[in-house]
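Data first, discussion second: the structure below is written as structure tokens.
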Amino acid sequence: MANIISDETMEYVGILAKLELSEEEKEQAKSDMGKMLDYIDKLNELDTSNVEPMSHVFPVNNVFREDVVTNGDDRENILKNAPGVKEGAFKVPKTVE
Amino acid sequence: MSLMSLTAVELGKKIKAKEVTVKEAVEAAIAQIEKSEDTLNCYVTVDKEGALKKAEEVQKLIDDGTLTGPLAGVPVAIKDNMCTKDMLTTCSSKILSNFVPTYTAEAVVNLEKAGAVILGKTNMDEFAMGSTNETSAYGAVKNPWNTEHVPGGSSGGSCAAVAAEECSYALGSDTGGSIRQPSSFCGVTGIKPTYGTVSRYGLIAYGSSLDQIGPVAKDVTDCATILEAIASYDPKDSTSVKREDYDFTSALVDDVKGLKIGIPKAYFGEGLDKEVKEAVLAAAKVLEEKGAIVEEFDLGLVDYAIPAYYVIAAAEASSNLSRFDGVKYGYRTEDYEGLHNMYKKTRSEGFGAEVKRRIMLGSFVLSSGYYDAYYLKALRTKALIKKEFDKAFEKYDVILGPAAPTTAPKLGDSLSDPIKMYLGDIYTISVNLAGLPGISVPCGNDSKGLPIGLQLIGDCFKEKNIIRAAYAYEQTGSYKRPGMLEE
């Protein structure tokens, strides 16, 4: 396996992904990611030096509209699925000491 | 003959002619669901009461002449990644186990305007990430042709439900083959439309630049009719395209004389099952005998589509799935210390293994230091792949190949080796990268009796070419549905 994923990398990716893996999951994820990156390295066979990255197949442009409110106050609906609600707002754990 | 063995359009005609009431149609679907659902597990949610109530409303609108379309009163199943107001929408994930949307996806709204009656929500691979339906948090779906085999994925519940006649038709979504591959495995017909044709508003995003909603049904006529109903320009989806025409049913013409069909040599190489190969080439022969011009050609870069896809799809997934954080909707972990710990625990407990695998990979390829080498490299490869298809469509109207390299694998055989599973998407994935339309139609069964799918790929906005070719093939009757589902 050409791509060896270090514990530090896994730790860092876990922070970015907001995922906490168990020790067992971590080992599995390390090996899976290494294998997948080995496979993805196949792309290096291609010379893409003069190719623009294509994020969309059609030339999509920004879709502008007048800044006019078209929807009503939907607060009740928006909060309907929230695990925690307080005084018409999403409730989260304390974030500042 | 049961009402459920009719196609959606046939049933719609009977309802219109007052030979069948909407209630009778819905009751027939529910009876079939109650009969086979314990074995197959096609649905996450069945809304019997809601469907019966809706049946009455739709019947009134048909009777008073408000609803006159071909799908009025016909019962449908919706993949569980499309939001449906007041109906549980889980994406087959624990993290959305309690999510009841307060609005409905645009494609489903369009169907409701056409008089559709929603039976429920179909099972799928969690967040549409998988090719077997085994990654669902609500149990695997079984293939109705042989319950030891998978139905394919990720729209496995939708395709199995159509095959088992637990609905008259269904909606699926296709990010890398998720409509065409399970359609192939279940012996039904499915279309992935040109990117931007069907609004993604209300479709829970996986890979936004690749995702498209499409129809799954018993035949090509149904698929064209359903696509006509769901396709629309929608300002709520910023990638929605204003097409010149939204007419697909006029392509239901039994004539392929002069239609130029190209067969990519690379689609028939190593890894392709012999029986699948024979059935697909036999279908090409049928089209040739009907007057199509069929020839082989070299389509480049076939082997680079899967690695490019998995980088792009994982990157977009890692970004799209960051919204599931236990704050706005869905599951929240019980015990936590502070906000970040709550996020982490919620997500780690709420997502399954395959979803985590792709979020991790996506976060990695987007991280600083790797972004150019992986993510931009994949986007450059995508540009090259698109160019290869542009070249091919200068010469051909339709590209013909298999939908999948094999028939449905056995349950439990695929998940252990992710690369092997991903290789199963080799014929479908590049279609999503290039934004093209593709259809899978049944073209045979292997010696085990499992269905084989023929894939026809068209140029962007040229659905009509693939619908015409698929319809003409279907009309020859060269593929006969074995009666195994009749029992």
Side-chain angles (χ1 to χ4, degrees), chain A residues 5 9-10 12-22 25-26 28-30 32-33 35-58 60-65 70 74 76-84 90-97, chain B residues 98-102 195-196 209 235 238-239 241 301 303-304 306-308 310-311 318 322 325-332 336-340 342-345 347-348 351 353 356-357 359-364 366-367 374 376-384 386 418-419 433-435 460:
Chain A
I5 308 295
T9 306
M10 283 315 282
Y12 179 56
V13 174
I15 292 168
L16 294 175
K18 290 263 182 293
L19 286 172
E20 195 174 57
L21 303 183
S22 68
E25 279 180 311
K26 224 177 260 175
Q28 184 65 43
K30 259 164 67 177
D32 284 348
M33 188 132 75
K35 274 188 228 160
M36 286 169 74
L37 291 175
D38 284 350
Y39 180 56
I40 289 163
D41 281 342
K42 188 173 173 57
L43 297 179
N44 294 331
E45 295 167 13
L46 293 175
D47 177 11
T48 53
S49 46
N50 294 314
V51 185
E52 279 295 304
M54 179 188 258
S55 44
H56 271 278
V57 280
F58 309 128
V60 276
N61 302 309
N62 259 336
V63 180
F64 292 107
R65 61 167 173 79
T70 53
D74 215 15
E76 210 176 299
N77 266 332
I78 290 165
L79 292 172
K80 224 175 211 170
N81 277 288
F90 293 112
K91 191 181 167 194
V92 294
K94 195 173 170 187
T95 54
V96 281
E97 291 305 320
Chain B
N98 55 2
F99 177 57
V100 181
T102 55
Y195 186 77
S209 76
S238 61
T239 58
V241 176
L301 303 179
D303 290 340
Y304 299 92
I306 297 178
Y310 276 95
V311 171
S318 73
S322 62
D325 56 3
V327 173
K328 300 175 291 296
Y329 29 64
Y331 171 81
R332 179 188 281 190
Y336 45 83
E337 286 163 42
L339 186 66
H340 284 276
M342 191 277 282
Y343 289 153
K344 274 194 160 186
K345 279 192 76 184
R347 289 164 60 78
S348 303
F351 291 135
K356 285 185 210 171
R357 183 146 65 196
I359 293 176
M360 296 288 276
L361 179 69
S363 304
F364 178 79
L366 288 176
S367 66
Y374 288 106
L376 288 185
K377 181 81 188 180
L379 291 184
R380 291 181 214 275
T381 306
K382 172 179 167 169
L384 292 176
K386 169 79 175 148
I419 304 282
L433 287 174
C460 289

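So that the names make sense, note that chain A is the first sequence line, chain B the second, and so on, each numbered from 1.
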* Asked: What residues, two or more places apart in sequence or in another chain, satisfy salt bridge (Lys or Arg N to Asp or Glu O under 4.0 Å) together with E25(A)?
  -> K356(B)
Counting only non-hydrogen atoms closer than 4.5 Å, does [X] touch chain B with its backbone (N, CA, C, O), its side chain (CB onward), both, or neither?
X	answer
N77(A)	both
E20(A)	both
Y39(A)	both
N44(A)	both

First locate atom [atom1] of [X], then atom [atom2] of [Y], and finally report the distance between them rounded to the nearest 0.5 Å.
X	Y	atom1	atom2	answer
F364(B)	T9(A)	CZ	OG1	6.5 Å
L19(A)	S363(B)	CG	OG	7.0 Å
L21(A)	M360(B)	CG	CE	4.5 Å
S367(B)	I15(A)	OG	CD1	12.0 Å

* Y304(B) six-ring face occupied by K42(A) cation (under 6.0 Å, within 45°) -> yes
Exercise: identify the closest heavy-atom pair between [X] and [Y]:
X	Y	answer
K382(B)	M54(A)	CD-O, 3.4 Å
P93(A)	L339(B)	CD-CD1, 3.7 Å
F58(A)	Y195(B)	CE1-O, 3.1 Å

Can you tell which of [options] has the highest number of heavy-atom pairs within less than 4.5 Å of chain A?
options	result
E337(B), K386(B), K328(B), M342(B)	K328(B)
S348(B), S318(B), G326(B)	S348(B)
F351(B), Y343(B), Y331(B), Y310(B)	Y343(B)
I359(B), L361(B), T239(B), V311(B)	L361(B)
N98(B), L366(B), V100(B), V241(B)	V100(B)
P307(B), G338(B), A383(B), G196(B)	P307(B)

Region of [X] in contact with chain A, defined by heavy-atom distances below 4.5 Å:
X	result
R347(B)	both
S209(B)	both
L301(B)	side chain
S322(B)	neither
D325(B)	neither
A353(B)	neither

* Under 3.5 Å, is there a donor-acceptor pair between the T48(A) and K377(B) side chains? -> yes
* Under the 3.5 angstrom rule, does the side chain of N81(A) hit a backbone N or O of G330(B) as a donor-acceptor pair? -> no
* Any sub-3.5 Å donor-acceptor pair from R380(B)'s side-chain atoms to L46(A)'s backbone N or O? -> no
* To do: Return the set of residues passing side chain to side chain donor-acceptor pair (under 3.5 Å) with K26(A) (not counting sequence neighbours), or none when no residue passes.
  => none
* Structure fact -> Interface check, chain B: of G84(A), S22(A), P83(A), most non-hydrogen pairs under 4.5 Å belong to P83(A)
